[in-house]
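Structure first, commentary second.
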Amino acid sequence: MGTASTLENIDAVRAMIKRAKLKDHIFGLVGLVCIMLILLTLLILFVDLVVDGYPKLFSADFYSNFPSRRAAKAGLLSALVGSSLVMLVTFVSAVPMGVGAAIYLEEYAPKNWFTEIIEVNVTNLAAVPSIIYGLLALGLFVYTLDFGNSILTAGLTLGLLILPVVIVATREAIRAIPIAIREAAYAVGATKGQVVGQHVVRYSAGGILTGVIIGMARAIGETAPVITIGALTFIAFLPESPVSSTPPFINFEWLTSGFTVLPIQMFSWLSRPSSSFHVNAAAAGAIIILVTLLMNGIAIKMRYNIRKKIKWQ
Amino acid sequence: MANADLTTKAEARDFNFFYSNGHHALKNINLPLYENKITALIGPSGCGKSTLLRSFNRMHDLYPGNRYEGEIVMHPDNTNILDANVDPIEVRMRISMVFQKPNPFPKSIFENVAYGLRVRGEKNKRLLADKVEEALKGAALWDEVKDRLQDLAFNLSGGQQQRLCIARALATDPEIMLFDEPTSALDPIATANIEELMNDLRGKLTMLVVTHNMQQAARVSDYTAYMYLGDLIEHDKTGDIFIKPKDKRTEDYITGRIS
Amino acid sequence: MANADLTTKAEARDFNFFYSNGHHALKNINLPLYENKITALIGPSGCGKSTLLRSFNRMHDLYPGNRYEGEIVMHPDNTNILDANVDPIEVRMRISMVFQKPNPFPKSIFENVAYGLRVRGEKNKRLLADKVEEALKGAALWDEVKDRLQDLAFNLSGGQQQRLCIARALATDPEIMLFDEPTSALDPIATANIEELMNDLRGKLTMLVVTHNMQQAARVSDYTAYMYLGDLIEHDKTGDIFIKPKDKRTEDYITGRIS
Amino acid sequence: SKSDDSNTVEEPMFEPNAIVTIDGSSTVFPVTEAVAEEFQIATKTKVTVGISGTGGGFKKFCRGETDISGASRPIKQKEIDKCKEAGIEFIELPVAFDALTVVINPANDFAKEMTVAELKTIWGPEAQENITSWNQVNPDWPDQPLKLFGPGADSGTFDYFTEAIIGKSKSSRGDFTASEDDNVLVTGVAGDKGGIGYFGYAYYEENKDKLTAVAVSEEAGKAGVLPSKASIEDGTYQPLARPIFIYVKKSAAQEKAHVKAFVDYYLEQGRPLIEEVKYVPLPAEDQDAVIAHWKALKAGTGFIEGKAEVGVKIKDLLDRVQ
Amino acid sequence: MNTATQVQEPSQRTTISPRLAKNYRRNITERIIEFLLMLCALSAVFTTIAIVVILVYESYSFFEHVSVFDFLTDPQWTPLFEDAHYGIMPLVSGTLTISFVALAFAVPVGTIAAIYLSEFASHKTRETVKPILELLAGVPTIAFGYFALLLVTPLLQMVFPDLPTFNMLGPGIVIGIMVVPYIASVSEDAMRAVPMSMREGAYAMGATRFQTAMRVVTPAAISGIVAAYILAISRAIGETMVVAIAAGQQPNLTFNPMDSAATITAYIVQVAMGDLPHGSIGYQSIFAAGLVLMLMTLFFNVLGHFTRKKFREAY
Ligand SMILES: Nc1ncnc2c1ncn2[C@@H]1O[C@H](COP(=O)(O)OP(=O)(O)OP(=O)(O)O)[C@@H](O)[C@H]1O
Ligand SMILES: Nc1ncnc2c1ncn2[C@@H]1O[C@H](COP(=O)(O)OP(=O)(O)OP(=O)(O)O)[C@@H](O)[C@H]1O
Ligand SMILES: [Mg+2]
Ligand SMILES: [Mg+2]
């Protein structure tokens, strides 16, 4: 050993390295093309919608008008309000449940077949097609529990839909907290509840929130399950306001109200005979994408900030 | 090594420990911790030093399936802290611990030190402030941080963080303090600071220190125990262990034949 | 410390290194590696041992923003391997490295050892098989694995994995071998095996070994360099360094006053 | 917000929480929606219009959940029974005509006129996998692949078309592109030279530039008739012109002032709105008869055993209800 | 050793802090918290049970009318026609064909993108591109549906003039585009999880980036990558709106991507939009179709779960 074989053949070695590195460059290019392909698709899709919906996107009336049979007058107001209220129900139903489930799985659950079942369940639910949730809602909420096609039904359906997203995100956030932090808390005499409440939940709050936002962004654009529960409706008024100026200040009548949401509104405009509605549809599509982009953007920014602030050693 | 002047603060008696995977990590350990003395635990990597140390505050309870056998008795009340009726939380309130890597909470400096007291239900602000100051002074950190108690603890250097963890452990007036290689993640200067601090605490507190640095053991401890593959081979005055070890394996280790 | 009999195989000249965060990790290092000798690098944790070792095969190039200054020259061709025109791949083909933790690839034992040759474009099966056998013998692993060359490397024990990594490094006939604490993740018996292996290779290969175990440095190396806070404090025959260090800081370290 | 001046409740004519709840056919939807929109503006009363389809609409209607149900076919005997069980009486009101329009690709210049028999050859269940080329329908036509587009099998339009052309409701070949979204059908026929499809007249009106309508003749020899306002009104566009209905809950008409007002508005002010959404209003005398029928609150259906009839006269229908 | 332990009178056990006196109450609260959290975790199980019960219950009524044998073997699916056939095969073939097209597009593109991001791109590129890729998942699927119908299919028709307006190729590719982010992102995570030391080992042998990526990182991450593929399959199988809009809603028993077809999801949403009364056989048929869909995704999900588990054990 030790005789400098590489050195003796240095020219051959260099040529060989050059050949090998050529593959590096080719692959680098192919990879870039693949990524560009996807990014361009997103861009084309978005630009196309913005260009088509341009006249509507920048008109204030579009946001303050109710749907109408006349494309020029038709606006998004009831869909905007509907989406917001549905998201409220989704948030309230999915977040406490999802966070609780994640905490249980990460901090409490013993390692046994029972936990294993729950885990398989969660991963499984995450990949269940959204249309199945639509069927669940149709069979359970609409017909069995008789909620009708109300804000409550839609909110609960989407809540179940994003439950696994919230659980997975929360578990990841919790796992990022080093064992050492927990041991430190236990070592000064904290109880399990205190460790969970004062440390685990607190330090993972940012991560949980980003997961929730991402889940909500997905829920906002969901169409199929909401169509399944029969939400294609002409609604030209707003549900009862959840808050009022007279006692008891909040009410829940809006929960049973009919509603429309952004993707459904887009869908119903698209299926109009007159192509002048397609402008509205494009504008609605652009807004949905914009909202999801915004929400995802916020989530990413938050994740970044959290990572910068808390660097576990 | 018998010494009539010594009070035993705690002792392991025929203590065995099994990890959940069945690994018999500690075998028939008998080890006294003398009151207000520093006991060092040395031995090659994997010999069970950390395992023994963490048994003293029932840290192993956090992971299901681990099993203790035998007793660890605390004096003067003669409680077997391994007893199923003894709440591990109570044990941890009497015995605090400092870890290998500094592990402050992502909270302010003040809240880190105050945490143990808060867990004990202390709400009186004055008292908290006093205790925090006292603990930080005890950990020789007060002068460096007194003007920024509300800063995030992560903004401190590694050595300062470790002293903060010591302050956190001191704040609750523990009867025993456990240290698991408290300096191995620190640079030489921070290490020297921590060692000095331990010297300051000597005589005031019962301490058990795991270290893989024999020089450190020699410098800071009163008593030293040498462990090897789960057995406690030898326990004696530090000077005696290093100068005239009785066991061949101890000698091999100290002279560097085993590492 | 100059010695006329020695050929210098490589040397660092006024070498500085800066991490991407601006940390000046190595300051004006001058260090020769003598041909077919083992040079040990010792010093307290964080002093820059690994940083220096990894500069010799331009491992730092993998992470953007790191900066070298000065030269590391290889002989006899007098190439400055830090030169921007020198391809780091070429450097790594001449200098191989063994890491702290065994890091075999998720492939068979055979493929692990053959990997370097495959990367060099070698396809001849006979030649590959010969080289693999030779390297495994060189790493004292042949007898243990010759009947299961197609087994996944992960199925070997830690010590065997580390010897496999040494075989992998040997298989390409490197001019220099770098070892970064090659035994610190291993048990005492595996450690003894690796040290024996290094002793076997002594005189055949130029080696640079980082270790935080002074006894190991004393046992295996011909020359020892002591580093402290990014400076190379002292470099000399191993016997001289351990018996009569010239620098106070070296003495402090060797006698355990710094750790 | 800005919308307040036009839409939200300011001075409601009726009690503030009064809602007219309507559900039912997607074919009737555009008309009802237009009426609802204007009615809301005029009276500040809330109206919801769902699209559960004719069947889904009756389901809710007979459970008493809605006041009015839109239907593109007459109520079926089963549905009548359901309503009866729940004690719900209904008033059947024809409101407009729709003309199912058969369309082909503009590049197709040979099939601009087709007989019912030819349509039956194309769409009948026997045609499945057999009739795949235009020349199999009529030897004079070229050998061009036939591409079919039609509404989903669960729509009222499909029911009526099969009834009128094949002679039996829901009897049709299955190998065609089906969509509930008529624009998809428009795109399909417009994109395929051999394409043929059918849907409501309104979609043809809006897409005249992309499609050609087929003139339909009832039997060979007779001249084909193109769908138009005139040919529907005078009854010559047969058999594909059909009335569409609303069914009003009698008790609601009697007890709920806002529901009554809504139907009044529908029948009396609806004409221009029906034209606006490209449906064909009833002839004036029929319209009067419907209004009279409504004012008299005559409950029940004019169809015998709930069976749809092709080419039925409005007057006859109304007269049958006593 | 240990002979001189002073004999101590066993003194009374004193509570160290008054709080410990509340030991019992504390335990109760801790129990309640744990129980509530367990209920939350069980919500996932309840959801699954609800889904299964609903699907099975409605399908049961369906199978009272239709024999399972016919359901599985009849080559026609025309449940709403006069001459009703209830063979699920045409829907399954459509579903599989579209998923296959989607994967044929997404697997290479997604894998290459993952390798590029993990091994070639700079840290900054990766940190910017990855979230943008994930944004694709947020685009409402109906937008993708019209994208397939109005943009992708006409483009494809330039290459294949015979391609009908409604076909499986266009929507297949668009679904492929939609699932690329899943594949890229999950595979990239798996590659990130390969310890840096393994890469350093390869580079130290003189390997290039490409060699390291292909011969070391990819094999090491393979089970994670496969899990990503499986996730993508169940996404593709479950996608609804794109197929409903662009594939033609025509239940054809065909595996030719140039044909138009219907998938299980498209059938469900089409029926759900139409005039179908609750309790009719047509209504029940969407639950029977849903059950088949659920079983298909379940199969892939469980497969994926175990692949991932195996992969977690690797390090
Ligand atoms: N959670 C565990 N489950 C099973 N075995 C364990 C676990 N933790 C440690 N062990 C094993 O128990 C033995 C003692 O480990 P321990 O951590 O106490 O060693 P140590 O003396 O502290 O070593 P070091 O100096 O490396 O910290 C070792 O063989 C180790 O592999
Ligand atoms: N990637 C990095 N970026 C910035 N600083 C680094 C990086 N890696 C190491 N350092 C710093 O450079 C200095 C030298 O580190 P190095 O890893 O070379 O020490 P070492 O002597 O090998 O220590 P050890 O014995 O702990 O392995 C240390 O202060 C360390 O914190
Ligand atoms: Mg340890
Ligand atoms: Mg190092």
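When reading the values below, keep in mind they use all heavy atoms of this one structure, side chains included, and skip hydrogens, waters and symmetry mates. Computed from a predicted model, the values in this text were never measured in an experiment. Letters A, B, ... are given to chains in the order of the sequence lines, protein chains preceding strands, and every chain is numbered from 1.
Contact count against chain A (heavy-atom pairs under 4.5 Å) is highest for E:E34 among E:M214, E:E239, E:E34, E:R235. Chosen from E:T265, E:L293, E:I33, E:T141, the residue pairing most often with chain A at heavy-atom distances under 4.5 Å is E:L293.
With contacts defined as side-chain heavy-atom distances shorter than 4.5 Å, the pair E:T240/A:I227 does not qualify. A 4.5 Å side-chain heavy-atom check between E:L42 and A:F114 finds at least one atom pair inside the cut-off.
Between E:L36 atom CG and A:M97 atom CE the span is 12.0 Å, to the nearest 0.5 Å. Here E:F35 contributes atom CZ and A:Y108 contributes atom OH; the two are 14.0 Å apart, rounded to the nearest 0.5 Å.
For the pair E:I51 and A:Y133, the tightest heavy-atom approach, listed with the atom from each and the gap, is CD1-CE2, 4.5 Å. Closest non-hydrogen pair, E:G290 versus A:I132, comes out as O-CD1, 3.3 Å. In terms of heavy-atom proximity, E:A44 sits nearest to A:V122 at CB-CG2, 3.8 Å.
Between the side chain of A:N124 and the backbone N or O of E:N301 there is no donor-acceptor pair closer than 3.5 Å.
With a threshold of 4.5 angstrom between heavy atoms, A:L37 approaches chain E through side-chain atoms but not through N, CA, C or O. Only the backbone of A:A126 comes within contact range of chain E, judged by heavy atoms closer than 4.5 Å. The contact between A:L135 and chain E is made by backbone and side chain atoms together, counting heavy-atom distances below 4.5 Å. Looking at E:F300, neither its backbone nor its side chain comes within 4.5 Å of chain A, counting heavy atoms on both sides.
A distance of 6.0 Å or more separates the ring centres of E:Y116 and A:F27.
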